[in-house]
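Before any comments, here is the structure.
Predicted model, so just to flag it, every value in this text is computed and none were measured. Letters A, B, ... are given to chains in the order of the sequence lines, protein chains preceding strands, and every chain is numbered from 1.
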Amino acid sequence: MARPFNVTQVEQKWQARWLDEGTYEVDNDDPRERYYALCMYPYPSGTAHQGHIRNYTFGDLVVRYQTMKGKAVLSPFGFDSFGLPAENAAIKAGSHPRLFTDARMVELKNSVRRLGAVYDWRREVFSHDPRYMRWAQTIFLRFLKAGLAYRANAPVNWCPGCATVLANEQVNADGTCDRSGDLVERKHLEQWFFKITDYADELLNDVDSLEWPERVKTMQRNWIGRSEGVEFDLALAVDSSKSLRVFTTRPDTGFGVTYAVVAPEHPLLDFLTTDDERSRVQALVERASQASELERTSSSDSGANLEKRGAFTGSFVINPFNQQPVPVYVADYVLGNYGTGAIMAVPAEDERDFAFAEIHGLPVVRTIAPPEGFTGGAYSGEGVHINSGFLDGLDVAEAKERATTYLEEHAQGLRKVNYRLRDWLVSRQRFWGCPIPVVYCDACGIVPVPEDQLPVLAPDDVVMDKSGQSPLATHEGFRNTTCPHCGGAARREADTMDTFTDSSWYFLRYADPFTEGQAFDPVEVEKWMPVDQYIGGIEHAILHLLYARFYLKALIDTGVAPGLPREPFKRLFTQGMIRLDGSKMSKSKGNLIAPEKYYETVGADGLRLFHLFVGPPADDVDWTSQTEDVIEGCARFLDRIYRLSQYDECHFHTERTEGDLEVLREVHRTIDKVTDGLEKWSYNTAVAALMELLNTMSKAARSKEGINQVVLDECLDLFMRLLAPMAPHITAELWEMRHPDASSVHAQPWPLADATLTARALVTMVLQINGKLKSRIEVSPDVSEVDAIAAALADATIVELMAGASPQRVVAVPPRLINIIL
RNA sequence: GCCCGGAUGGCGGAAUGGCAGACGCGGAGGACUCAAAAUCCUUUGCCUGAGAGGGCGUGUGGGUUCGAGUCCCACUCUGGGCACCA
């Protein structure tokens with residue numbers, strides 16, 4: 001497609017200028033109002049793909065728009081540069097992950113520059129920079145000191161494909177690895193954890209205060225999974241001095257307890273198991289300990305399997321509500337690490353209990369009357385209590401309260417809150433990550449590496465494979481060290497930290513990247529935090545955002561970041577994904593449409609405009625056979641504005657006509673539309689408004705009567721300013737051609753609509769008869785109701801249609817419409 | 001199973017309870033051209049009619065209202081999140 005100007009040349013000229021002149025560098029003591037705009041820390045996977053392009057197009061629009069609004073905008077960039085792909089690629093190529101990563105970083109950096117996205121490159125941060133690692137490790141040690149980092153032997157999620165353990169958050173619901181898709185196995189290992197559960201309540205409560213998409217807030221709440229209930233004792237039938245502690249959220253259904261269940265890991269299981277039942281119980285425990293989380297929690301399991309998954313222990317406990325003995329089972333549907341690892345089972349009001357009771361032939365006693373016609377098994381809804389002694393006739397809420405009080409008085413009951421959220425497992429048995437800065441000494445135990453010896457860096461000559469052992473563990477030179485405490489022989493920790501730790505505080509370092517004596521100076525960072533606008537993919541709705549929120553709270557509480565606001569991201573925008581043939585476009589899926597080719601044809605501006613125009617920014621984009629045409633259409637729009645600004649085929653007259661004024665009025669109305677669109681993330685309609693305006697301007701200037709040139713110039717100048725954040729190159733170029741001595745269009749203030757120009761002298765009023773559109777008339781926008789009705793009844797079409805009939809009623813909404821009811 | 005979204009022309013999508021389909025893509029026709037490309041102009045929801053016009057129309061069925069794409073109830077399909085968490 002032939003363009004009226006050399007796109008590549010123009011774009012490169014401006015990209016070089018923005019970079020050379022440091023146009024978007026900003027200092028912490030800038031006197032203007034501050035604004036922190038941030039796109040999510042990218043993994044350097046090479047040249048940018050369409051998802052990146054979309055992300056940085058939105059981010060750059062925000063940066064340029066807020067700058068024109070007169071703010072000092074912090075726009076940093078960096079790389080989440082540790083991670084598995086680099087390590088795997090290095091193993092394959094026999095090279096080093098650093099070489100691989102550094103090359104990919106250069107590529108991505110060039111890509112975003114080629115897009116015309118502008119950053120304060122002085123503030124660049126990347127995870128494998130020793131200057132960043134040092135503070136990442138310092139933070140780990142501060143967490144350790146504060147008791148927020150701890151080491152524990154725990155059943156963990158092991159991914160055979162990635163040869164490392166995963167956090168709960170990295171395991172999909174179907175039990176596969178979020179990254180490789182391999183089936184995750186269960187292993188018992190000594191691992192490092194962060195105590196994110198200490199913050200469960202705050203993480204949950206603070207969600208309310210965030211200006212985030214509701215969907216993301218809901219996902220965060222669900223993930224934390226708070227539930228209120230009561231913990232109490234079930235006394236053993238044979239010995240009432242001993243008891244089994246259980247947790248329930250439904251104490252009101254206590255009269256319906258017909259058995260109890262303990263988890264296979266329960267510490268009292270051995271004690272509860274009688275000799276007659278021992279072999280069956282042991283078989284079940286054996287099986288449960290080997291089963292993966294998937295098998296164990298599979299809900300699609302058949303009845304036969306369910307039966308195998310539970311066994312009678314031989315013991316009985318007393319139901320404290322009715323003093324009846326009920327059997328104790330062991331079953332793997334009860335989890336050892338949630339609640340007390342034991343439950344009271346109420347088959348009538350709990351589906352899982354019902355299914356289990358059916359198979360094991362246990363009785364079902366209803367304590368809530370199900371609604372008329374209810375045919376299912378367990379009924380967990382609202383209703384009136386029956387068969388429940390002192391709770392009979394009460395609704396669920398009231399019965400819960402009474403039952404809880406009863407348990408407090410008769411069964412050591414304690415009101416208790418439980419969370420689904422587990423502590424964050426941060427150990428990774430991989431090489432390309434930040435080493436965990438501790439040593440193990442036989443005499444002193446776990447000893448932190450002194451902060452003045454940080455960062456602990458991995459040596460380069462490490463053999464990486466997927467044996468499952470940490471590559472660093474096999475490097476004797478690294479592994480063997482001396483204890484910082486006693487000076488004796490000691491061994492370094494060989495695991496590295498989850499890369500999600502790196503992306504949990506990078507935004508703080510951006511705000512003060514120059515400091516040397518600490519991770520960042522809280523006084524400097526406080527000037528920018530919280531992030532005013534965070535932009536990224538919906539795929540990070542849980543993991544990254546939850547971890548980053550936890551990190552900031554923990555950093556404040558451990559004294560690393562005193563005085564900072566406790567939530568990092570005030571406003572979040574999650575962009576839609578790019579789909580090709582229905583699935584997400586991504587490098588790992590190998591279904592990329594590379595952006596490079598479009599730089600040659602439509603330019604960065606054309607591609608940016610496409611991403612802004614194609615649909616609501618939050619929605620997914622389907623890349624179809626039609627997409628190329630839409631991109632071309634966006635470039636065509638830029639060509640048209642270029643030609644109009646050259647006065648191509650324009651006619652001019654010298655007087656200022658009403659027609660000229662009307663064009664100028666449209667420009668001012670468009671200022672409002674575009675501003676509103678940019679504020680509300682309705683970029684597609686903002687672009688549409690500019691397209692519409694260009695049609696108006698172009699039609700007027702090219703008509704036979706022509707336009708006053710001074711008016712056209714004023715219109716064009718305003719147009720350029722509105723388009724500047726969206727298509728920064730062409731607007732900068734045209735502005736310079738039109739104003740060679742003035743400062744750049746990007747340094748101009750954002751235009752403000754003149755209210756006297758946006759007002760309309762006449763508006764169209766719709767005339768309806770019985771709610772059906774029949775005619776239209778022009779009226780003053782402040783026409784009175786009486787005048788409006790009079791005008792409507794005088795309209796020729798209306799007079800004819802009414803044929804002398806008198807209206808039963810007239811609904812008047814001046815100046816919008818008149819509806820005549822006959 | 002539970003919790004959120006969503007459903008509008010051939011397509012992407014617009015529409016504070018008040019002109020449904022802005023804007024763009026695609027289609028049709030025309031101008032320019034020896035011709036093509038590019039550009040420009042006209043037209044384009046469906047049905048019906050020679051035309052003026054008329055009828056129908058925002059997933060389905062009800063409801064509220066002078067008036068519903070928009071609000072309420074029930075359902076269908078679809079996308080996503082969570083899913084033995086007691």
Side-chain angles (χ1 to χ4, degrees), chain A residues 1-4 173-174 213-223 225-227 229 246-250 253 261 296-299 301 306 309 331-335 337-346 349-353 355-356 376 380 418-422 538 541-542 582 610 613-616 618-622 624-634 636-637 639-640 643 648-649 673 682 684-695 698-699 702 764-776 807-813 816-822:
Chain A
M1 169 177 156
R3 305 291 301 271
D174 63 356
E214 265 323 304
R215 180 161 74 123
V216 176
K217 297 213 277 188
T218 305
M219 283 158 81
Q220 294 256 321
R221 291 189 189 104
N222 287 345
W223 193 262
R226 182 181 201 272
S227 63
V246 297
F247 173 73
T248 183
T249 57
R250 293 298 302 274
T253 62
V261 189
R296 188 165 162 185
T297 62
S298 169
S299 53
D301 226 336
L306 268 178
R309 287 169 45 190
D332 64 4
Y333 80 86
V334 170
L335 307 176
N337 56 356
Y338 184 82
T340 61
I343 62 160
M344 62 176 222
V346 189
E349 278 94 32
D350 183 286
E351 271 181 53
R352 294 152 298 172
D353 295 345
F356 190 85
S380 54
N418 267 312
Y419 299 92
R420 208 185 72 98
L421 182 70
R422 304 294 156 76
I538 185 73
I542 300 174
F610 161 75
F613 180 66
V614 67
D619 289 6
D620 288 352
V621 177
D622 271 313
T624 67
S625 54
Q626 195 190 233
T627 302
E628 297 274 328
D629 289 330
V630 178
I631 296 173
E632 286 291 331
C634 290
R636 225 160 15 229
F637 164 69
D639 292 348
R640 292 190 339 117
R643 278 194 231 101
D648 202 28
E649 294 185 48
K673 285 188 209 166
S682 182
N684 52 331
T685 57
V687 174
L690 284 172
M691 287 175 167
E692 215 173 343
L693 177 60
L694 177 60
N695 291 341
S698 152
K699 203 163 275 185
R702 286 171 178 155
T764 303
M765 185 166 75
V766 173
L767 307 184
Q768 298 179 333
I769 291 180
N770 292 335
K772 298 227 176 208
L773 174 71
K774 294 299 174 188
S775 183
R776 303 179 171 92
Q808 281 192 9
R809 187 181 160 189
V810 176
V811 179
V813 191
R816 306 293 301 262
L817 105 171
I818 302 291
N819 186 10
I820 298 159
I821 316 300
L822 291 180

Assigned partner base of B/U65, Watson-Crick or wobble definition, under 3.5 Å: none
Atom C1', compared across B/G69 and B/G9: separation rounded to whole Å: 14 Å
A/Val614 side chain, from C-beta outward: closest of B/A86, B/G12, B/C82: B/G12
A/Asn222-A/Arg420 side chain donor-acceptor pair, cut-off 3.5 Å: no
Nucleotide opposite B/G24 in a Watson-Crick or G-U pair, distances under 3.5 Å: B/C11
Spacing between A/Phe637 atom CZ and B/C25 atom C1', to the nearest angstrom: 16 Å
Listed nucleotide nearest any side-chain atom of A/Thr685, set B/C40, B/A15, B/G81: B/A15
Interatomic distance, A/Lys699 NZ vs B/C41 C1' [rounded to whole Å]: 9 Å
Atom-pair distance (CZ on A/Arg221; C1' on B/C4), nearest Å: 12 Å
Comparing A/Val630 and A/Ile821 on RNA chain B - which has the more 5′ nearest nucleotide: A/Val630
Atom C1', compared across B/G10 and B/G21: separation rounded to whole Å: 14 Å
Considering all heavy atoms, the nearest A/Asn684-A/Pro616 contact: ND2-N, 3.6 Å
B/U8 to B/U42 separation - C1' atoms, rounded to the nearest Å: 26 Å
Any-strand Watson-Crick or G-U partner of B/C82, both distances under 3.5 Å: B/G1
Distance test, side-chain N/O of A/Lys217 to OP1/OP2 of B/G5, below 4.0 Å: no
C1' atoms of B/U16 and B/G67, separation to the nearest Å: 16 Å
For B/U39, the Watson-Crick or wobble counterpart (both distances under 3.5 Å): B/A31
Shortest non-hydrogen contact between A/Arg250 and A/Met344, atoms and distance: O-CE, 3.4 Å
Proximal nucleotide (of B/A86, B/C66, B/C82) relative to the A/Ile542 side chain: B/C82
Trace of the side-chain contact (heavy atoms from CB on, under 4.5 Å) decision for A/Asp353 with A/Ile343: CA-CA 10 Å; A/Asp353 295 345; A/Ile343 62 160; 3.7 Å; yes
Whole angstrom value for the distance that separates P of B/U78 from CG of A/Asp620: 17 Å
Smallest separation among heavy atoms of A/Gly341 and A/Val334, with atom names: O-CG1, 3.6 Å
Pair partner, B/U58 [Watson-Crick or wobble, under 3.5 Å]: none
Mutual orientation of the aromatic rings belonging to A/Phe247 and A/Tyr338 [parallel < 30°, tilted 30-60°, perpendicular > 60°]: perpendicular
Pairwise N/O distances under 3.5 Å, protein to nucleotides 16-20 of chain B:
| unit_1 | atom_1 | unit_2 | atom_2 | d |
| --- | --- | --- | --- | --- |
| B/U16 | O4 | A/Arg816 | NH1 | 2.9 |
| B/G18 | N2 | A/Gln768 | OE1 | 3.4 |
| B/C19 | O2 | A/Arg776 | NE | 2.8 |
| B/C19 | O2 | A/Arg776 | NH2 | 2.6 |

A/Arg250 side-chain N/O to B/A86 phosphate OP1/OP2 under 4.0 Å: no
Who pairs with B/G6 - Watson-Crick or G-U, where each distance is under 3.5 Å: B/C77
Same-atom distance (P) from B/A15 to B/G62, integer angstrom: 29 Å
Whole-Å gap separating C1' (B/A15) and NZ (A/Lys673): 12 Å
Minimum-distance nucleotide to A/Val334 side chain [options: B/A86, B/A22, B/A14]: B/A86
Closest to side chain of A/Met219, choosing from B/G81, B/C11, B/C23: B/G81
Complementary nucleotide of B/U70, counting Watson-Crick and G-U pairs under 3.5 Å: none
Nearest-angstrom distance, P atom, B/A68 to B/U60: 15 Å
Under 4.0 angstrom between A/Arg636 side-chain N/O and B/A38 OP1 or OP2: no
A/Tyr338 vs B/A86: side-chain N/O to OP1/OP2 distance below 4.0 Å: yes
Touch class at under 4.0 angstrom, heavy-atom based, for A/Thr627 against every strand present: nothing
Closest nucleotide among B/C23, B/C25, B/A86 to the A/Phe613 side chain: B/C23
Nearest-Å distance for atom pair CZ/C1', residues A/Arg226 and B/C3: 19 Å
A/Pro616, nearest nucleotide to its side chain (from B/A14, B/C82, B/C23): B/A14
Heavy-atom closest pair, residues A/Thr624 and A/Thr627: N-OG1, 2.8 Å
Gap in Å between the two P atoms, one belonging to B/U64 and one to B/A52, rounded: 38 Å
Sugar-phosphate only, base, or nothing, as touched by A/Gly633 at under 4.0 Å among non-hydrogen atoms: sugar-phosphate
Nearest-angstrom distance, C1' atom, B/A14 to B/A22: 5 Å
Short side-chain N/O contact to B/G24 OP1/OP2 from A/Asn695, under 4.0 Å: yes
Return a table of donor-acceptor pairs under 3.5 angstrom between the side chains of residues 764-775 of chain A and protein atoms on other chains or two or more places apart.
| unit_1 | atom_1 | unit_2 | atom_2 | d |
| --- | --- | --- | --- | --- |
| A/Thr764 | OG1 | A/Glu778 | OE2 | 2.9 |
| A/Asn770 | OD1 | A/Leu822 | N | 3.0 |
| A/Ser775 | OG | A/Asp795 | OD2 | 2.9 |

Spatial distance of atom CG (A/Leu693) from atom OG (A/Ser698) [nearest 0.5 Å]: 10.5 Å
Pairing residues for A/Phe613 by the ring pair (Phe, Tyr, Trp, His ring centres under 6.0 Å) criterion, not counting sequence neighbours: none
A/Glu214 CD - B/G81 P separation (whole Å): 18 Å
Counter-base of B/G49, judged by Watson-Crick or G-U geometry with both distances under 3.5 Å: none
Heavy-atom side-chain contact between A/Leu690 and A/Lys673 under 4.5 Å: no
d(CG, A/Asn222; P, B/G1) in whole Å: 18 Å
Distance below 4.0 Å between A/Asn770 side-chain N/O and B/G67 OP1 or OP2: no
Toward the 5' end of RNA chain B, by each residue's nearest nucleotide, A/Thr340 or A/Glu351: A/Glu351
A/Glu692 (side chain) and B/G24 (base): donor-acceptor pair under 3.5 Å: no
For B/G59, glycosidic torsion class - syn if within 90° of 0, otherwise anti: anti
